[in-house]
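Data block below; observations after.
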Amino acid sequence: MFGFLFMITHCFQGVLELTPLQFGIHSLPFAVSIAIGAPMATVIAQRIGTTAETTYLGPVVVSMVLMGLGLAMDQLKGVPPVTAMVSPVM
């Protein structure tokens with residue numbers, strides 16, 4: 001998540017050249033999703049209990065794959081330009 005936040009900041013401000021205010025506005029879907037998801041996670045955990053006994057080949061793998069795909073899709077346009085922008089030319 002911290003890698004995403006680092007890269008999306010550089011993408012929005014360095015590649016797309018958004019102002020800090022525009023960046024904040026464009027980041028609202030991420031913040032709103034967290035604001036909605038956190039209380040939902042609490043309610044779900046209270047209803048079904050903790051998942052410490054969950055096996056690797058269940059929700060853990062599915063969660064990792066979905067997060068990886070989401071980050072890859074999101075970064076498709078952002079990472080290469082940002083990487084080129086911050087890496088020294090050799």
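As the structure is a computational prediction, the values presented were derived from the model and not from experiment. In this chain, residues are counted from 1 in sequence order. All heavy atoms count here, side chains included; hydrogens, waters and symmetry mates do not.
By the criterion of side-chain heavy atoms lying less than 4.5 angstrom apart, applied directly or through intervening Ile, Leu, Val, Met, Phe, Trp or Tyr residues, L16 is not grouped with L21; the two fall into different hydrophobic clusters. Residues V65 and L57 share a hydrophobic cluster, clusters being chains of Ile/Leu/Val/Met/Phe/Trp/Tyr side chains in contact below 4.5 Å. At a threshold of 4.5 Å between side-chain heavy atoms, the hydrophobic network of Ile, Leu, Val, Met, Phe, Trp and Tyr places V62 and L69 in two separate groups.
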For residues 26-35, which side-chain donor-acceptor pairs fall under 3.5 Å, sequence neighbours excluded?
{"unit_1": "H26", "atom_1": "ND1", "unit_2": "Q22", "atom_2": "O", "d": "2.7"}
{"unit_1": "S27", "atom_1": "OG", "unit_2": "F23", "atom_2": "O", "d": "2.8"}
{"unit_1": "S33", "atom_1": "OG", "unit_2": "P29", "atom_2": "O", "d": "2.7"}

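Once rounded to the nearest 0.5 Å, the distance linking CD1 of I25 with OG1 of T19 reads 7.5 Å. The distance from atom OG1 of T42 to atom CZ of R47, rounded to the nearest 0.5 Å, is 12.0 Å.
Heavy atoms only, all atoms of each residue included: T55 and V60 are closest at O-CG2, 3.9 Å.
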